[in-house]
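Excluded from the calculations below are hydrogen atoms, water molecules and symmetry mates; all remaining heavy atoms, backbone and side chain alike, are included. Chain identifiers are assigned alphabetically (A, B, ...) following the order of the sequence lines, protein sequences preceding nucleic acid strands; residue numbering begins at 1 within each chain.
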Amino acid sequence: MPPPGAPRVRFAPSPTGFLHVGGARTALFNWLYARKTGGTFVLRIEDTDQARSTEAHTQVILDGLRWLGISWDEGPFFQGAEVARHQRDADRLLAAGQAYRCFCTKEDLEQQRARAPGGAETFKYDRRCLRLDQAEIDRRVAAGQPYAIRFLMPAEEIAWDDAVHGVITWHGRDLDDLVILRSNRTPIYNLAVVSDDIAMGITHVLRGDDHISNTPKQIALYRALGASVPRFGHVPMILGPDGKKLSKRHGATAVGDYQHQGILPAAMRNFLALLGWSPGDDREIMTAAELIAAFSLEAIQKKAAVFDFTKLEWMNGQYLSALPAAAIEPLIRPALASMGVDPGDRPMGPIIDAVKSRARTVTQLAERAAVRIDPTRAKVEPKGIALIEKMGPKYRENLGHAVTALSPLGSTEWTADSILAAIKGAGERLEIKLADLMQPIRVALTGDTVSEPVNELLVAVGRTTALTVLERAARG
RNA sequence: GGCCCCAUCGUCUAACGGUUAGGACAUCACUCUUUCAAGGUGGUAAUACGGGUUCGAUUCCCGUUGGGGUCACCA
């Protein structure tokens with residue numbers, strides 16, 4: 001049981017089909033705050049837009065949160081289930097004179113907007129329906145003319161002490177009389193959110209910066225509804241490398257994308273936590289418990305942050321290297337299977353240990369393990385091609401020397417030590433630089449110029465396979 | 001355009017009036033390996049600009065510039 005007076009926070013995504021990294025970070029901050037304060041984290045799905053919302057879309061979001069280890073205490077609740085309350089709240093405001101019937105149709109409004117003197121962007125509803133006399137309103141209602149319910153925005157100052165920005169001040173006169181209930185009696189977002197947050201007893205609303213302009217409208221609604229206003233905190237946006245709001249055209253924006261690219265959930269969570277927040281010291285790699293202990297709203301950055309995928313990969317590599325081979329094996333098994341590589345009963349431990357410190361993603365690690373199991377699937381990387389071109393005929397020639405030096409080793413002598421000795425011996429005898437002997441083997445076996453030490457690579461691949469592949473490569 | 005928000009290395013950030021402006025990613029060099037990486041060590045690199053306030057401004061105030069968000073019977 002949370003202590004009395006503990007915060008109640010919520011994450012309220014709309015089910016659009018994927019969990020955006022920005023949304024994931026917002027969820028993470030809410031979760032960290034709830035865990036830090038002993039508060040409650042509520043999950044609510046904003047499915048008011050029935051056309052776009054599906055069960056499957058909701059599932060994707062839940063899966064994404066679970067994957068990141070973000071657990072919720074209540075919910076998921078569905079906004080769509082609460083339209084009766086939304087209507088009641090709208091009707092209450094109407095009865096109290098804090099809202100009014102608007103008979104303008106969508107088409108009317110479009111025309112009014114088009115004729116706005118300063119252009120459509122400056123359009124503000126002119127309250128023509130507010131000026132209708134009661135008899136006229138009664139007549140239209142009696143005639144069954146449809147109407148929306150429009151909130152009467154008070155011309156007063158609306159300010160709040162934002163948890164990340166400090167005091168932000170707006171004026172009601174700059175705000176439009178927003179529609180809160182459509183003519184088909186379904187609620188509009190700003191009403192639904194306020195109504196739900198009141199009903200759920202939400203004390204802190206932590207959400208993206210892009211909601212700042214909704215906040216004064218919502219505060220006005222809280223006041224009209226006679227409810228206490230929660231604490232608001234607006235976390236900065238996440239930008240793409242070009243400084244624009246992160247979107248599809250920047251590549252991967254959904255947490256599912258990163259999952260499929262072989263990012264570990266702990267690394268993703270750690271990285272996201274450090275985007276727009278910092279513990280105040282030099283720590284970077286932090287466990288969930290450490291993040292919770294260090295978290296505070298005050299330390300959230302005001303400035304938008306660029307999503308740096310390279311740093312995410314680096315961080316993922318750190319987590320990968322720290323993981324024992326036994327923990328990595330189940331992660332790469334499915335990837336190997338989908339590549340059609342069957343390790344049989346070969347122990348995977350040594351292969352994983354050989355490649356894990358050099359890999360940055362699970363996918364990369366799986367590919368490199370696969371090549372060690374079956375060298376024929378190695379595809380030559382650009383760096384490998386460069387090396388082959390640079391060495392010219394020497395490439396195959398030296399591979400030939402390597403085969404000659406290695407062939408005499410029997411299967412019991414196929415160890416890292418004796419392989420190294422054999423290659424070194426050949427190098428000295430033929431007066432070839434060791435690197436010129438080693439790198440071709442590396443490229444022939446893996447297609448890449450990066451691997452564990454070559455002698456260990458040869459052991460990992462195994463005598464028979466290694467010699468077969470090398471001979472073939474030497475012949476061209 | 002109106003309203004609002006923001007401004008420290010290329011990127012993520014630390015410094016809550018006094019620091020040689022710190023760390024991390026990336027980058028460069030060196031170093032280990034008679035092999036590639038990883039690792040280790042070191043280097044390059046920032047307070048947008050202009051005014052104030054102050055003995056002293058990255059830090060407080062104002063302006064300029066630049067960037068961003070938002071202006072629906074979408075969420």
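- In the set B:G69, B:G67, B:C36, the nucleotide with an atom closest to the side chain of A:K244 is B:G67.
- In the model, A:D162 has a side-chain atom that pairs as donor or acceptor with a side-chain atom of A:W160 under 3.5 Å.
- Among the nucleotides B:C12, B:C36, B:A75, the one closest to any side-chain atom of A:Q439 is B:C36.
- Side-chain to base pairing of A:N214 with B:A75: one donor and one acceptor N or O lie within less than 3.5 Å of each other.
- Residues A:Y100 and A:F151 place their aromatic rings such that the two centres sit no closer than 6.0 Å.
- Separating the CZ atom of A:R368 from the C1' atom of B:C36 is a distance of 11 Å, rounded to the nearest angstrom.
- At the phosphate of B:A14, OP1 or OP2 sits under 4.0 Å from a side-chain N or O atom of A:S278.
- Within 4.0 Å of A:G276, counting heavy atoms only, lie sugar-phosphate atoms of the nucleic acid but no base atom.
- In the set B:C25, B:A75, B:U34, the nucleotide with an atom closest to the side chain of A:D308 is B:C25.
- For A:R442, whose side chain is taken as the heavy atoms from C-beta onward, the closest listed nucleotide among B:C36, B:C6, B:C12 is B:C36.
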**OP:** Show your reasoning for whether ring-ring contact (aromatic ring centres under 6.0 Å, His included) applies to A:Y258 and A:F307.
**Re:** CA-CA 13 Å; A:Y258 293 96; A:F307 191 94; 5.5 Å; yes

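- Residue contacts shown for A:N455 include a base, since a base heavy atom lies under 4.0 Å away.
- The nucleotide whose nearest atom lies closest to any side-chain atom of A:K303 is, among B:A26, B:A75, B:U13, B:U13.
- When heavy atoms are screened at a 4.0 angstrom cut-off, A:K124 is found touching no nucleic acid atom at all.
- Going from atom CD of A:E313 over to atom P of B:A38 covers 13 Å, rounded to whole Å.
- Spacing between B:U31 and B:A46 at atom P, rounded to whole Å, works out to 27 Å.
- A:F77 does not carry A:R44 over the face of its six-membered ring by the limits of under 6.0 Å from the centre and within 45° of the normal.
- Contact annotation for A:S321: no contact, since no heavy-atom pair falls under 4.0 Å across all strands.
- Shown are A:K356, A:R372, A:R442; of these, the salt bridge (charged side-chain N to carboxylate O under 4.0 Å, His left out) with A:E452 is made only by A:R372.
- One side chain, A:H234 or A:T215, offers a donor N or O that lies under 3.5 Å from an acceptor on the other.
- The CG-C1' distance, from A:N184 to B:C73, rounds to 8 Å in whole Å.
- B:G42 and B:U59 have their C1' atoms separated by 31 Å, with the value rounded to a whole Å.
- The side chain of A:R182 approaches B:C73 more closely than any other nucleotide in the set B:C25, B:U11, B:C73.
- The nucleotide whose nearest atom lies closest to any side-chain atom of A:I212 is, among B:C4, B:U35, B:A75, B:C4.
- Between A:W277 and A:F295, the ring centre distance stays below 6.0 Å.
- Look at NZ on A:K311: it is 13 Å from P on B:U11, rounded to the nearest Å.
- Across all strands shown, A:G427 has no heavy atoms under 4.0 Å from either base or sugar-phosphate atoms.
- Residue A:R358 places its side chain closer to B:A37 than to any other of B:A37, B:C73, B:G23.
- For A:S213, whose side chain is taken as the heavy atoms from C-beta onward, the closest listed nucleotide among B:U70, B:U35, B:C25 is B:U70.
- Between A:H165 atom NE2 and B:C5 atom C1' the separation is 6 Å, expressed in whole Å.
- Going from the C1' atom of B:C71 to that of B:A15 covers 38 Å, rounded to whole Å.
- Rounded to a whole angstrom, the distance from the P atom of B:C32 to that of B:A24 is 22 Å.
- Separation of the C1' atoms belonging to B:C55 and B:G68 is 39 Å when rounded to the nearest angstrom.
- Summarising the geometry, the separation between CE on A:M315 and P on B:U11 is reported as 18 Å, rounded to the nearest angstrom.
- Listed nucleotides B:A38, B:C12, B:C36 differ in distance to A:S357; the shortest reach to its side chain belongs to B:A38.
- Atom name C1', nucleotides B:U47 and B:G40: the rounded distance is 31 Å, in whole Å.
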